[in-house]
Amino acid sequence: MQELNYDRQLILNHISSHEIELVGSVADEIGRECYVVGGYVRDIFLGRTSKDVDFVTVGSGIEVAERVERRLRHATLAVFRNFGTAQVKWRGMELEFVGARKESYSHDSRNPIVEDGTLDDDQRRRDFTINAMAICINRDRFGELLDPFNGISDLNNRLIRTPLDPDITFSDDPLRMMRAIRFATQLNFEIFPETFSAIERNRERISIISKERITDELMKIMKADVPSRGFVLLDRCRLLELIFPELAALKGVETVNGRGHKDNFAHTLQVLDNVAAKSDNVWLRWAALLHDIAKPATKRYDEKLGWTVHNHNFIGEKMVPRIFKRMRLPMNEKLKYVAKLVGLHMRPIALVEDVVTDSAVRRMLFDAGDDIDDLMLLCAADITSKNREKVRRFKENYDLVRQKLVELEEKDRIRNFQPPVSGEEIMATFGLPPCSDVGKIKEAIKNAILDGKVANDHDEARRFMLEVAAGMGLKPVADAEQG
Ligand code: CTP
């Protein structure tokens, strides 16, 4: 084995905790080899601390877990006999126990055929070299690192590589193809060339993995510092067209009569990274990823206008629920938020390009509500032009819109607009049952406020209501009775 370059003291610092030492001594009592493995070990070397610790014992892990639970005050134990695993929760930590296993997978399912094995068997069946390291915690070998696949050297060289022939590792569990790309994205690592070409070869096998598990990985990619890295890799190995065809369809540039449009995939990824640099809100990041999703469907070439994508924002807004449903993303207010931002993403830009009128700014504020700041952030991120003059003009007007937003919000409180005159008041005033006239009057009041003709205030709005109603031939009940 190659000489390892790692800091032994670093290992000891991390594993010299009450709970890990206790697990080691319990394992000693019943004569069982015991190791800390997987992500916890990797994260020691990456300088990250984790609340989840995976332990592997040679022989059953359940008995060790049961004894550990009895010795830790206020710990809770869950045993999953069918899987041969157990979990102890204690002071916010999750200690997972499993016996070392030898696994092979049947070809058409993820359900492994499991047999007892040695530590070495267990390490071989793991996904990547950086996740296949183990540290012994038995007293006489406390802190000994077992790194049969040179995970340390791959960590130093920032490489994602499978411990075995990648065709075997990926065919055992095709989700690992997504995990490889996810780790490369999160850690800013490269995928080893042979590992990457195996992903290209095995990509169709992703079809046996549940949508939920694929989406879990996509979410982790979306939360990374530079999420575009993941999508570039997904595209390069052609997994993207299998798991996210709408996004893959953004790729490429078409040219008619010598006129091309910009590559919407590259643009989208740039917008996504721009948003990610400013916000951790993963749903705002989703809005960035999907903002131009309807461009392929709406793209037309016109002799006079060149390339157009009319209504791509509205069509995109309609596509979002279908995409969320298929990907098992939440069909709740998160979906509504993303769809709304996709639908509105052109609004600030249109404002910025035109003369900025108060009325248009008020309407945008009304439509965006509390999401106005996110919409403005998305809009700024959407400017990826290389033309400096264009960007300068945009910035100037963008700042003007921002300033107006603040002024108008202070003055008119449009953000969470509540009609100053309610439907009930309109009905009572004119003795009307619920009917379309009530809606028309309400709408007229709202428009007058948004257009700045009437202040957002009850008395002014009521005066305006009487005017509008008179124009519709309606009289207040009191007047009607007098007349
Ligand atoms: N593992 C694997 N194949 C998978 C999933 C997990 O071999 N499809 C192994 C890896 O050794 C991994 C360990 O199980 O390190 C624990 O998996 P998990 O908790 O999912 O991931 P972590 O590596 O801990 O990373 P993260 O917490 O970022 O998901």
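Atoms within a ligand are numbered from 1 in the order they appear, just like the ligands themselves.
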Once ring pair (Phe, Tyr, Trp, His ring centres under 6.0 Å) is applied, do any residues pair with Phe149, and if so which ones, sequence neighbours excluded?
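So Phe149 forms no ring pair (Phe, Tyr, Trp, His ring centres under 6.0 Å) with any residue.
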
Hey, are Arg213 and Glu217 close enough for a salt bridge, meaning a charged N less than 4.0 Å from a carboxylate O?
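Looking at Glu217 together with Arg213, the answer is no, because their closest N to O distance does not fall below 4.0 Å.
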
For Arg125, is there an ion pair with Asp122 - N to carboxylate O distance below 4.0 angstrom?
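So Asp122 pairs with Arg125 through a salt bridge.
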
Looking only at the side chains, is there a donor atom on one of Ser25 and Asp28 sitting less than 3.5 Å from an acceptor on the other?
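There is no such pair (donor and acceptor under 3.5 Å, judged by atom type) between the side chains of Ser25 and Asp28.
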
For ligand 1, the portion of [X] having any non-hydrogen atom under 4.0 Å away:
{"X": "Arg126", "value": "both"}
{"X": "Glu217", "value": "neither"}
{"X": "Asp54", "value": "side chain"}

Of the listed options (Arg182, Gln186, Arg125), which comes nearest to atom 28 (O) of ligand 1 when hydrogens are ignored and any heavy atom counts?
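It is Arg182 that holds the nearest heavy atom.
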
Contacting atoms of ligand 1, where contact means under 4.0 angstrom from a heavy atom of [X]:
{"X": "Lys220", "value": "29 (O)"}
{"X": "Gly38", "value": "15 (O)"}
{"X": "Asp173", "value": "4 (C), 8 (N)"}

Tabulate below the donor-acceptor pairs under 3.5 Å that side-chain atoms of residues 73-85 make, not counting sequence neighbours, or state none.
| from | atom 1 | to | atom 2 | distance (Å) |
| --- | --- | --- | --- | --- |
| Arg81 | NH2 | Glu66 | OE2 | 3.2 |

Ligand 1 to Asp127 polar contact by distance, N or O atoms, under 3.5 Å
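Checking ligand 1 against Asp127, an N or O pair does fall under 3.5 Å apart.
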
Under 3.5 Å between any N/O of Phe183 and any N/O of ligand 1: does that happen in this structure?
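By distance alone, the answer is no.
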
In sequence, state the C-alpha distance, the side-chain angles, and the governing distance for Asp273 and Ser228, and then conclude on side chain to side chain donor-acceptor pair (under 3.5 Å).
CA-CA 6 Å; Asp273 285 350; Ser228 68; 2.5 Å; yes

Sole candidate of Glu317, His312, His291 that passes side-chain hydrogen bond (donor to acceptor under 3.5 Å, both in side chains) when paired with His345:
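Among Glu317, His312, His291, the one meeting side-chain hydrogen bond (donor to acceptor under 3.5 Å, both in side chains) with His345 is His312.
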
